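Heavy-atom basis, side chains included; hydrogens, waters and symmetry copies ignored. No experiment lies behind these values; they were computed from the predicted model shown.
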Amino acid sequence: MKKIILTLLIASTLVFTGCLQDDDTPIIVEETTNNYYNDGNSDGDEDYETIIKAGGIALDETWTSDNIYVLDRKVVVQEGVTLTIEAGTIIKGRAGTGSLSSALIVARGAKIIAVGTADAPIIFTSESDNIEPGQTAGTNLTSANKGLWGGLIMLGKATISVSGDTGLANIEGIAADDTFGLYGVDLANGETFDDEDSSGTLQYVSIRHGGALLGEGNEINGLTLGGVGRGTTIDNVEVVANVDDGVEFFGGTVNASNLLVWAQGDDALDIDQAYSGTITNAVVVLGDDSDHGLEIDGPEGSIDGEFTINDLTMIGNTTTANGEYADFRSNAQGHVNNVYAYGFKDSSDVELDNDGVATNWNDGLITLGTWEIVLPSGVTDVTSIFANKAENVTVTGFGDTATAVTQGSQTVGATTSALSWTYANTAGSLGF
């Protein structure tokens with residue numbers, strides 16, 4: 001049995017730069033340390049501390065795997081600062097909505113170096129998760145447990161396409177008057193985009209049970225990337241049971257590989273504002289509340305940008321009220337190649353949403369490579385899954401690169417064995 005022998009509260013009065021303006025986010029760092037001792041049994045219990053973080057991180061620091069870190073409201077890695085997280089470290093977010101929602105935010109000009117391993121991933125989860133150091137999963141939460149904390153937000157200075165061509169925007173999930181939520185650059189004041197910008201590294205990172213509500217219709221994504229540049233490494237990241245989207249790209253040029261999203265409440269992979277990087281080897285597994293596997297929006301200003309997705313496996317769900325393959329909307333521009341999909345409903349579709357998107361298809365700004373689909377019961381023609389919803393623009397060839405296959409006979413899709421390390425693979429019995 002573990003026994004608490006000391007509780008220590010440290011409230012630093014260090015005043016940071018003016019990037020923290022939310023009056024619900026104290027401009028201090030709080031650390032509560034609970035010391036435990038090993039009871040001498042061979043049950044794996046070891047000494048560890050629980051450290052509560054709140055406010056800004058103004059100096060470089062390292063979070064270690066022998067502690068648990070708890071996010072109390074917004075924790076912001078400030079410009080010029082690097083947060084390093086050791087392999088196997090567990091970070092837990094506190095419950096709360098609105099301005100009290102918890103999140104780890106990597107501001108523009110800051111870096112996170114979170115490098116886990118397949119055997120010791122870095123885990124972001126809820127404070128209510130009973131997982132402890134040395135474990136890769138707790139026992140009391142499932143994929144049905146969503147919205148128990150916020151999420152991970154990374155912001156950079158790479159190209160974004162926003163209304164008015166300002167070059168600067170405030171990220172979804174953060175109140176508009178909080179300047180630590182800005183991404184992109186201020187073009188009006190002579191700043192220039194940096195597409196090689198680095199926000200650090202995420203490797204072997206698992207993000208679970210997030211998506212706390214900031215306001216009506218405004219939840220935090222599991223992983224939010226705003227204007228993140230291609231100098232950033234994102235490889236082997238999973239998002240599980242998030243209320244809103246799994247991973248959302250707001251512009252930027254970052255490339256991402258080996259992504260897995262399971263049981264999100266909205267869209268698995270969401271692309272906006274002329275994101276122009278490449279996503280390679282991704283798996284989407286819809287849950288009972290999920291919407292689209294892919295939701296694609298395009299430029300909001302005059303700056304164009306085309307993304308690429310290569311090697312994607314999408315596993316549908318017949319229980320969810322929505323559960324679509326993909327929706328190309330609002331000036332979407334990009335290319336989706338080598339897709340394998342199965343388990344969807346007979347009403348699920350791949351959709352061109354409006355006249356503008358249909359025009360982009362005709363102009364080659366949207367292309368689909370090989371798609372192999374296991375036909376849902378009742379569907380006999382694979383091309384019928386591809387729906388042009390434009391009112392005034394007809395298209396040709398939409399769905400022509402798709403073929404019907406039997407499950408297990410596919411020749412394209414993700415290399416799922418690369419994601420065998422994930423919590424989703426074990427908890428969801430995915431068989432990777």
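Using modelled atom types, one finds no donor on one side chain facing an acceptor on the other under 3.5 Å when comparing Asp245 with Gln264. Under 3.5 Å, the side chains of Asn331 and Asn360 contain a donor-acceptor pair of N or O atoms. Tyr340 and Gln407 form no side-chain donor-acceptor contact under 3.5 Å, judged by distance and modelled atom types alone. Neither side chain, Glu306 nor Ser276, offers a donor N or O lying under 3.5 Å from an acceptor on the other. A donor atom on one side chain and an acceptor atom on the other are found under 3.5 Å apart for Asp381 and Thr383. A side-chain donor from one of Asn338 and Asp311 sits under 3.5 Å from a side-chain acceptor of the other. Ser420 and Ser417 share no donor-acceptor pair across their side chains, judged by distance under 3.5 Å alone. Side-chain atoms of Thr278 and Thr280 form no donor-acceptor pair, as typed in the model, at a separation below 3.5 Å. Thr233 and Asp235 form no side-chain donor-acceptor contact under 3.5 Å, judged by distance and modelled atom types alone. A donor-acceptor pair shorter than 3.5 Å cannot be found between the side chains of Gln203 and Asn236. Asn67 and Thr64 share a donor-acceptor pair across their side chains, judged by distance under 3.5 Å alone. Side-chain contact check for Thr139 and Asn130: at least one donor-acceptor pair (N or O, by modelled atom type) lies under 3.5 Å. Defined by atom type and a distance below 3.5 Å, a donor-acceptor pair is present between the side-chain atoms of Thr367 and His335.
A donor-acceptor pair under 3.5 Å links the side-chain atoms of Thr253 to the main chain of Asp195, judged by distance alone. A donor-acceptor contact shorter than 3.5 Å links the side chain of Thr422 to the backbone of Asn425. Checking side-chain atoms of Asn354 against main-chain N and O of Val357 turns up a donor-acceptor pair under 3.5 Å. The backbone N or O of His292 sits less than 3.5 Å from a side-chain atom of Asp267, completing a donor-acceptor pair. Judged purely by atom type and a 3.5 angstrom limit, Asn388 uses its side chain to pair as donor or acceptor with the backbone of Val393. With hydrogens and angles ignored, the 3.5 Å screen pairs a side-chain donor or acceptor of Lys74 with a backbone N or O of Ser101.
The pair Asp297-Arg329 meets the salt-bridge criterion, since a charged nitrogen lies less than 4.0 angstrom from a carboxylate oxygen. Under 4.0 Å is where a charged nitrogen must lie from a carboxylate oxygen, and between Arg230 and Glu196 at least one such pair does. For the pair Lys53 and Glu61, the salt-bridge criterion is met [side-chain N within less than 4.0 Å of a carboxylate O]. For Asp289 and Lys146, the salt-bridge test passes: some basic side-chain N is under 4.0 Å from an acidic carboxylate O.
Atom OG1 of Thr159 sits about 12.0 Å away from atom CD of Gln273, to the nearest 0.5 Å. Rounding to the nearest 0.5 Å places CG of Leu286 at 10.0 Å from CG of Asn322. Here the CG-OG distance, from Asp288 to Ser143, works out to 7.5 Å after rounding to the nearest 0.5 Å.
A ring pair (Phe, Tyr, Trp, His ring centres under 6.0 Å) check over residues 408-432, counting only residues at least two apart or in different chains, returns the pairs Tyr204-Trp421. Here ring pair (Phe, Tyr, Trp, His ring centres under 6.0 Å) pairs that include residues 371-408, with residues two or more places apart or in two chains, are Trp361-Phe398, Trp371-Phe386, Phe386-Phe398. Residue pairs meeting the salt bridge (Lys or Arg N to Asp or Glu O under 4.0 Å) criterion with at least one member in residues 351-373, sequence neighbours excluded: Glu351-Lys389. Among pairs with a residue in residues 65-92, those fulfilling ring pair (Phe, Tyr, Trp, His ring centres under 6.0 Å) read Trp63-Tyr69, at least two apart in sequence or across chains. The salt bridge (Lys or Arg N to Asp or Glu O under 4.0 Å) analysis of residues 90-106, with sequence neighbours excluded, yields the pairs Asp72-Arg94, Arg94-Glu127.
Listed by chain and number, the residues in a ring-ring contact (aromatic ring centres under 6.0 Å, His included) with Phe124 amount to none (sequence neighbours excluded). With sequence neighbours excluded, no residue forms a side-chain hydrogen bond (donor to acceptor under 3.5 Å, both in side chains) with Ser348. With sequence neighbours excluded, the residues satisfying side chain to side chain contact (heavy atoms under 4.5 Å, CB included) with Ala256 are Ile234, Phe249, Leu259. Every residue two or more places apart in sequence or in another chain that forms a side chain to side chain contact (heavy atoms under 4.5 Å, CB included) with Thr318 is listed here: Lys345. For Leu187, the side chain to side chain contact (heavy atoms under 4.5 Å, CB included) partners two or more places apart in sequence, or in a different chain, are Val185, Phe193. In this structure Phe344 satisfies the ring-ring contact (aromatic ring centres under 6.0 Å, His included) test together with Tyr325, sequence neighbours excluded. With sequence neighbours excluded, the residues forming a side chain to side chain contact (heavy atoms under 4.5 Å, CB included) with Thr84 are Thr62, Thr82, Ile113, listed by chain and number.
Residues Ile373 and Ile385 are in side-chain contact: their nearest non-hydrogen atoms beyond the backbone lie under 4.5 Å apart. Residues Gln135 and Ile123 are not in side-chain contact: their nearest non-hydrogen atoms beyond the backbone lie 4.5 Å or more apart.
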